[in-house]
Amino acid sequence: QVQLVESGGGLVQAGGSLRLSCAASKSTFSGAIMGWYRQAPGKERELVASISNDGRPNYAESVKARATISRDNAKNTVYLQINNLKPEDTAVYYCSAKFLLEAYWGQGTQVTVSS
């Protein structure tokens with residue numbers, strides 16, 4: 001069983017930056033595809049960024065050029081840096097860990113961007 005705990009969310013002004021962290025409970029973290037999703041009120045959950053086992057990142061068009069996803073397997077942690085935050089980035093952000101046969105989700109962390 002893998003537990004994921006997100007942190008780093010909060011209230012920021014438009015144009016600011018945040019770095020979200022997701023800590024995993026087990027060393028098997030290194031074998032998972034890690035991702036960040038978000039869900040805004042009234043909208044579907046969407047992928048923000050993911051990073052594969054070999055370190056290949058993928059970004060949603062909405063955050064491309066503003067976001068960086070990274071992972072530190074030694075610390076069992078994945079990060080999401082978002083710069084130049086916009087009000088449209090306001091959402092609950094969820095960390096995910098996906099293995100071949102199962103997936104795990106964190107409880108989420110709120111990001112609110114004021115204009």
Side-chain angles (χ1 to χ4, degrees):
Q1 193 72 229
V2 176
Q3 292 181 317
L4 304 173
V5 180
E6 302 98 334
S7 62
L11 174 64
V12 297
Q13 296 287 329
S17 300
L18 280 178
R19 193 190 196 203
L20 307 180
S21 298
C22 173
S25 62
K26 294 186 177 182
S27 60
T28 51
F29 168 90
S30 62
I33 297 174
M34 303 299 298
W36 285 95
Y37 293 75
R38 68 186 182 188
Q39 186 166 24
K43 293 188 175 182
E44 299 286 333
R45 186 183 67 183
E46 64 176 354
L47 174 69
V48 180
S50 65
I51 184 166
S52 65
N53 298 44
D54 62 1
R56 186 171 182 268
N58 185 58
Y59 301 98
E61 291 294 330
S62 58
V63 300
K64 188 177 181 180
R66 299 190 295 121
T68 301
I69 187 170
S70 60
R71 63 193 298 167
D72 187 338
N73 289 340
K75 296 182 178 180
N76 294 335
T77 302
V78 63
Y79 306 94
L80 179 67
Q81 175 80 27
I82 307 179
N83 301 319
N84 191 24
L85 285 159
K86 304 176 180 180
E88 309 91 82
D89 295 320
T90 296
V92 177
Y93 284 70
Y94 298 92
C95 178
S96 72
K98 297 182 178 180
F99 299 85
L100 288 177
L101 301 179
E102 56 198 347
Y104 301 89
W105 296 87
Q107 292 296 308
T109 184
Q110 176 71 48
V111 172
T112 302
V113 183
S114 61
S115 60

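- Between the OG atom of S52 and the CE atom of M34 there is a distance of 12.0 Å, given to the nearest 0.5 Å.
- Contact between L20 and G9 at its shortest, heavy atoms only, is CD2-N, 3.6 Å.
- With hydrogens and angles disregarded, no donor-acceptor distance shorter than 3.5 Å links the side chain of Y94 to the backbone of E6.
- Side-chain contact check for K75 versus S21: every heavy-atom pair is 4.5 Å or farther apart.
- For Q107, the CD atom is loosely surrounded, since the number of other residues' heavy atoms within 6.0 Å does not exceed 12.
- Nearest heavy atom pair, residue R66 against residue N84, reads NH1-O, 3.0 Å.
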inquiry  = Could you walk me through whether L47 and N58 satisfy the side chain to side chain contact (heavy atoms under 4.5 Å, CB included) test, starting with their C-alpha distance in whole Å, then the side-chain angles of each, then the deciding distance to 0.1 Å, before giving a yes or no?
reply    = CA-CA 9 Å; L47 174 69; N58 185 58; 4.1 Å; yes
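- Taking CZ from R38 and OG from S62, the interatomic distance works out to 4.0 Å, rounded to the nearest 0.5 Å.
- Taking every heavy atom of both residues into account, K98 and A103 meet most closely at CG-CB, 3.9 Å.
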query = Run the side chain to side chain contact (heavy atoms under 4.5 Å, CB included) check on L18 and D89 step by step: do they pass?
reply = CA-CA 11 Å; L18 280 178; D89 295 320; over 6 Å; no
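- When only modelled atom types and interatomic distance are considered, Y37 and Q39 share no side-chain donor-acceptor pair under 3.5 Å.
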Trace of the side chain to side chain donor-acceptor pair (under 3.5 Å) decision for Y79 with Q81 = CA-CA 6 Å; Y79 306 94; Q81 175 80 27; over 6 Å; no
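- No more than 12 heavy atoms of other residues, nucleotides or ligands lie within 6.0 Å of CD in Q3, so this atom counts as exposed by the packing criterion.
- Scanning for side-chain contact (heavy atoms from CB on, under 4.5 Å) contacts around N53 gives I33, with sequence neighbours left out.
- Between A91 and Q110, the shortest heavy-atom contact is O-NE2, 3.4 Å.
- Contact record, P87 with A14: CD-CB, 4.2 Å, taken as the closest heavy-atom pair.
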inquiry  = The test is side chain to side chain contact (heavy atoms under 4.5 Å, CB included); show your working for C95 and W36 and say whether it passes.
reply    = CA-CA 5 Å; C95 178; W36 285 95; 4.1 Å; yes
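- Residues Y59 and T68 come closest through the heavy atom pair OH-CA, 3.3 Å.
- Residues meeting the side-chain contact (heavy atoms from CB on, under 4.5 Å) test with A24, sequence neighbours left out: V2, L4, F29, N76.
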